[in-house]
Amino acid sequence: MVSSSDRVHTETSHNMAQRSITSFFKKTPFTPMEIKSNGGSKVSHVNGDTSPISDEKDKPSERQQSNSIDNDGDSQDSLKPKNKAKRQRVISSSSESESPVKVKKEDLSDNDDSITLNKSVNKTYDSPKNKKAKIKKEIKSPSPKKGAKSLSRDEVKENSLKLKIVGSKEKDNIVKNTEHIDNIENESEEIQKVAENAYNPSKSKYHPIKDACWSKGEPVPYLALAKTLDLIEGTSARLKIIEILSNFYRSVMVLTSEDLLPCIYLCLNQLAPAYHSLELGIAETYLMKAIGQCTGRTLAQVKSAVQKCGDMGRVAEQARAAQKTMFAAPKLQIRKVFAALKEIAHMTGQASVNKKINKIQSLYVACRDCEARFLIRSLEGKLRIGLAEQSVLHALALAVATTPPGPNLQLDAAQHMSADKFKALVEQHVAVVRRTYCECPDWAELLHELLRGGVAALASRCSMRVGVPLRPMLAHPTRAVRDVLARFENEEFTCEYKYDGERAQIHVPAAPDDKPDFANAAIFSRNQENNTAKYPDVLSRLPTLLKEGVSSCVLDCEAVAFDAANGKLLPFQVLSSRKRACASAEDVRVPVCVFVFDLLYLNGAPLVGSTLAHRRKLLREHFCTQPGTWQFATSKDCSTIEEVQLFLEEAVKESCEGLMVKMLTGDNSKYDIARRSHNWLKLKKDYLEGVGDTVDAVIIGAYRGKGKRAGVYGGFLVACYDPESEQFQSLCKLGTGFSDEDLQILSDMLKEHIIDSPRNYYNYDSSHSADVWTSAAVVVEVRCADLSLSPAHRAAIARLHPHKGVSLRFPRFVRVREDKAAEQATTAAQVAQLYLAQDQIKNQVKQPDAAHEDDFY
DNA sequence: GTCGTGCGTTTCC
DNA sequence: GTCCGACGCATTCGG
DNA sequence: CCGAATGCGTCGGACGGAAACGCACGAC
């Protein structure tokens, strides 16, 4: 490894390493020598530091001055000639073998050329929803609610109109003989099928057979899904989204029910239940490569187009549209697309990446219309249309309420009952479907039972069982201790330490002899991944946890790295260095202590419907603890603010993140994820106003935003200042905490500070190379939860570790410090000081032996 | 062919 | 993980 | 009394650091 002391940063392909520090003195407007330490500048904002500046709550009002919403955030590129245009549409796929070095060179030099080239091809994409939001702001309707509603309707109409126009334009693409005779019982009439391009599941009084664009028994065309997703993308009203999707599902159920599962998976970007651990293994970079190869562009060209547009799906769609197709590929079918994705996920071993890319290309070239957009986004892993799990569940419930599966075909149940009655029916179905999914997050199983026996049979046939992970209860952040009381007023509640580890849901099934079957026990993560192989040590000592009489159970726990020698909890960073799969308990390098805090199932009976008080009682009765291996989460049943406050401080001192606050009795203490998934409160020091670490950092670079952040910068590289080495050392990237307005302001602000290449006194890792570099001018206040030693960031490098700097955990933007100049930012020494001041670091037992030295030399 | 390194992806928080 | 924005729903406010 | 305003919870999607892991690729 290159020692970074002799070089400002280790980016070898950049040429700036040659530039000497002296050149910096000539170029920069401010000279580090001139810095006057501002009256003994102290560490900024440590634990409620009350410097007069930091206390000024000058937030939005002042910033409004520089607000210019109209700006397109198009920064430096707007200066460039715009008429070079469409040159590179010429299909020339000759540039195959790009060595990584070559690619890098292109990356660096493309700044002027390819971006301009792509400019007119890929305009910054302003999503329909963004547009809508803007319109909404402009129109100050006396009745915003109604205004919004009618607006969305109009827009949907407009959208579908456009669709029709497009459809007629591309008449040649429309398959003309789409007339079929459908033999479904009471539908004896001849049904003329809708052309695929005109498929419109958002129309009112949607008829699942007549309005579909395929016939009974036929595989569902991928274009039907793409059209549905396209409509949804243009809609922001959630209920409307659900209606559109449910209409599509109704058609699938009635015509081709076996395609419903792939349809749902494609809507969710999922391949299988999480605990099957099936992943695509393909993301942004390889996708861009695939698109480039298909459309005769270099990786750098695609990259800059994606940056410009903020959406790879759109880029892929436009690139595909611009291409002439040599021969018509067969139409994509949903089941085939989904099967192909699964196939890609299963490819492993040598040359698998290329095989995956080839497979993607074969799909991509067969894309028509907007299919490419959604195919590519599926592969990216996010649809970005405002549709996710909860809406899919709702849509499915609405679909089965409207068109119930079963022998007696009924196409629109709503017709036969009052609106209120139907609404109640839907609500009930939604509740059942959601609950079922929470207890058994397996779409295959859920759909199988749903299509077979309908909603009525779902609850009984498909419910919680040992071995299938259930969705865990999550917690809401709380900004003040008094908010806890506000929420839990007059209720019994308890506070537990919030341990800084990894969620572990432990399942122990019963053997036929009614003893616990430890051999088949399993451990699942917060996201239902199967972590059984990760914790052989925990599994091996499971027998010490269960008391006599326990035959089966499901436990909710937190696994925390543990220093057995000193009986101390270790930071999350230590825990995360555990191998993901470990053969046996002896091979485990990082021991853990498991903190059990809930019991969800005991001896054949689910407890999710019991109160926490009851579950906790059973937990304490039936399970053993042993310091350092199995412990119950430290808890205290508080009733006053003062008690909570004190307990919080205690928790933090003992290397915990804070507190979890939970209701003990009543309906709200049940483990009912379907009804409310964030039913607990979390209380952390860094949420509290005026408490927690804050740093004033300098923006030295920016990254172009994607999706809803297209057109502005979506993130920034920020640094601390080190007067001794005269460097700005990267501290972290900053990507959350700003309002849309903040982002606009920052983007405008930075325009005048953009520089061609990073200063040679910027110390950063090449992995953090910014899209746009800026001179060190804008100072921002950044809040974080922790400071950690970083392999990639350089703040306070060599002060705590020879080649590791410090970075921030969970960094978020607080405000612009317009009152501060770059040289007044938090210094490297102060960052180091903040790092060392952390309770968790102070708690660490200093090793007098070589272990410490080991790290150093 | 083997080994180490770099890069990309996924999964925790 | 944090955070923001939009939506939907219930409750309160005001003419 | 009814519509408007307000408050709150949910949902979805921007974005963060760090580590493991698996494949690609160059050095030997």
Side-chain angles (χ1 to χ4, degrees), chain A residues 1 99-101 129-130 132-133 136 142-146 148-149 152 236-241 274 277 279-287 289 310 347-354 356 381-391 394 474 476-477 487 500-503 525-527 529 531 534 559 571-581 657 676-679 682 684 686-687 703 705-710 712 714-716 718 731-743 766-768 782-793 807-814:
Chain A
M1 172 125 192
S99 74
V101 181
K129 282 179 198 180
N130 283 351
K132 212 200 113 179
K136 209 179 153 186
S143 150
K145 204 172 165 187
K146 273 198 167 175
K149 260 187 184 167
S152 75
S236 65
R238 204 142 46 208
L239 295 179
K240 184 65 189 172
I241 288 175
S277 303
E279 297 305 325
L280 273 173
I282 280 279
E284 201 169 31
T285 314
Y286 288 135
L287 270 177
K289 204 171 163 189
M347 292 174 182
T348 55
Q350 243 218 317
S352 61
V353 172
N354 270 324
K356 286 179 184 194
K382 40 194 164 176
L383 242 24
R384 256 196 332 226
I385 56 174
L387 174 78
E389 201 167 79
Q390 292 310 309
S391 303
H394 197 145
L474 303 172
H476 246 348
R487 167 84 99 94
D500 192 6
E502 190 178 12
R503 197 77 174 264
S525 77
R526 170 199 156 110
N527 299 311
E529 298 286 332
N531 270 350
K534 186 174 178 178
F572 177 77
Q573 226 174 336
V574 175
L575 177 75
S576 65
S577 69
R578 269 179 83 108
K579 303 280 172 222
R580 287 222 273 260
E657 288 186 286
R676 190 183 250 183
S677 60
H678 291 74
N679 208 7
K682 54 180 162 182
K684 290 169 59 169
D686 56 299
Y687 297 155
Y703 307 89
K706 291 177 179 182
K708 61 186 177 186
R709 298 242 178 115
V712 291
F716 308 90
V718 302
L731 176 63
C732 65
K733 292 207 285 175
L734 191 56
T736 191
F738 359 70
S739 65
D740 293 355
E741 196 194 354
D742 290 332
L743 283 175
S766 63
S767 64
H768 293 125
V782 182
R783 182 181 286 272
C784 65
D786 290 310
L787 293 91
S788 60
L789 283 183
S790 167
H793 283 289
S807 188
L808 308 184
R809 180 144 85 135
F810 311 142
R812 57 262 202 197
F813 169 86
V814 179

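Residue numbers start from 1 in every chain, and the chains themselves are labelled A, B, ... in the order their sequence lines are given, proteins ahead of strands.
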Distance in Å, A:Met347 CE paired with A:Leu280 CG, rounded so as to fall on 0.5 Å steps: 10.5 Å
Would you classify A:Arg783 as touching base, sugar-phosphate or nothing, given that sugar-phosphate means primed atoms plus P, OP1 and OP2, and contacts are heavy atoms under 4.0 Å? nothing
When the C1' atoms of the five terminal pairs at each end define the local axes, what inter-axis angle does the helix from C:dG1-D:dC15 to C:dG15-D:dC1 show, to 10 degrees? 20°
Can you check whether A:Arg809 has a side-chain N or O nearer than 4.0 Å to OP1 or OP2 of B:dC13? no
Describe the nucleic acid contact of A:Lys356 in one word from base, sugar-phosphate, nothing, applying a heavy-atom distance below 4.0 Å. nothing
Check the phosphate of C:dT2 against A:Tyr687, side-chain N and O only, distance under 4.0 Å to OP1 or OP2. Yes or no? yes
Indicate whether OP1 or OP2 belonging to D:dA14 is found under 4.0 Å from a side-chain N or O atom of A:Lys708. no
Hits for side chain to side chain contact (heavy atoms under 4.5 Å, CB included) against A:Thr736, two or more places apart or cross-chain, chain-then-number order -> A:Arg812
Within the 4.0 Å heavy-atom criterion, would you say A:Lys706 contacts the bases, only the backbone, or no part of the nucleic acid? sugar-phosphate
Base, sugar-phosphate alone, or nothing: which one does A:Gly715 contact when heavy atoms must sit under 4.0 Å apart? nothing
Can you classify the ring geometry of A:Phe716 versus A:Phe738 as parallel (below 30°), tilted (30 to 60°) or perpendicular (above 60°)? perpendicular
Who are the ring-ring contact (aromatic ring centres under 6.0 Å, His included) partners of A:His394, not counting sequence neighbours? none
Would you tell me if any nitrogen or oxygen in the side chain of A:Asn527 comes within less than 4.0 Å of OP1 or OP2 on B:dC12? yes
Who are the side chain to side chain contact (heavy atoms under 4.5 Å, CB included) partners of A:Val574, not counting sequence neighbours? A:Ala561, A:Leu570, A:Pro571, A:Val590
Phosphate OP1/OP2 of D:dA18 contacted by A:Ser577 side-chain N/O (<4.0 Å): no
Distance test, side-chain N/O of A:Arg526 to OP1/OP2 of B:dT11, below 4.0 Å: no
Below 3.5 Å is the cut-off: list the nitrogen or oxygen pairs between protein and nucleotides 8-10 of chain D, distance only.
from, atom 1, to, atom 2, distance (Å)
D:dT10, OP1, A:Arg676, NE, 3.1
D:dT10, O2, A:Arg238, NH2, 3.3

Does C:dC4 have its OP1 or OP2 closer than 4.0 Å to a side-chain nitrogen or oxygen of A:Ser739? no
Classify the nucleic acid contact of A:Arg812 as base, sugar-phosphate or nothing, counting any heavy atom under 4.0 Å across all strands shown. sugar-phosphate
Within less than 4.0 Å of OP1 or OP2 of C:dC7, is there a side-chain N or O belonging to A:Ser236? yes
So what does A:Lys684 touch, heavy atoms closer than 4.0 Å: a base, only the sugar-phosphate, or nothing? sugar-phosphate
A:Lys684: partners by side chain to side chain contact (heavy atoms under 4.5 Å, CB included), with sequence neighbours left out: A:Lys498, A:Glu657, A:Asp686, A:Tyr687, A:Phe810
What does A:Ala792 touch in the nucleic acid at a heavy-atom separation under 4.0 angstrom: a base, only the sugar-phosphate, or nothing? nothing
Distance below 4.0 Å between A:Gln573 side-chain N/O and D:dA19 OP1 or OP2: yes
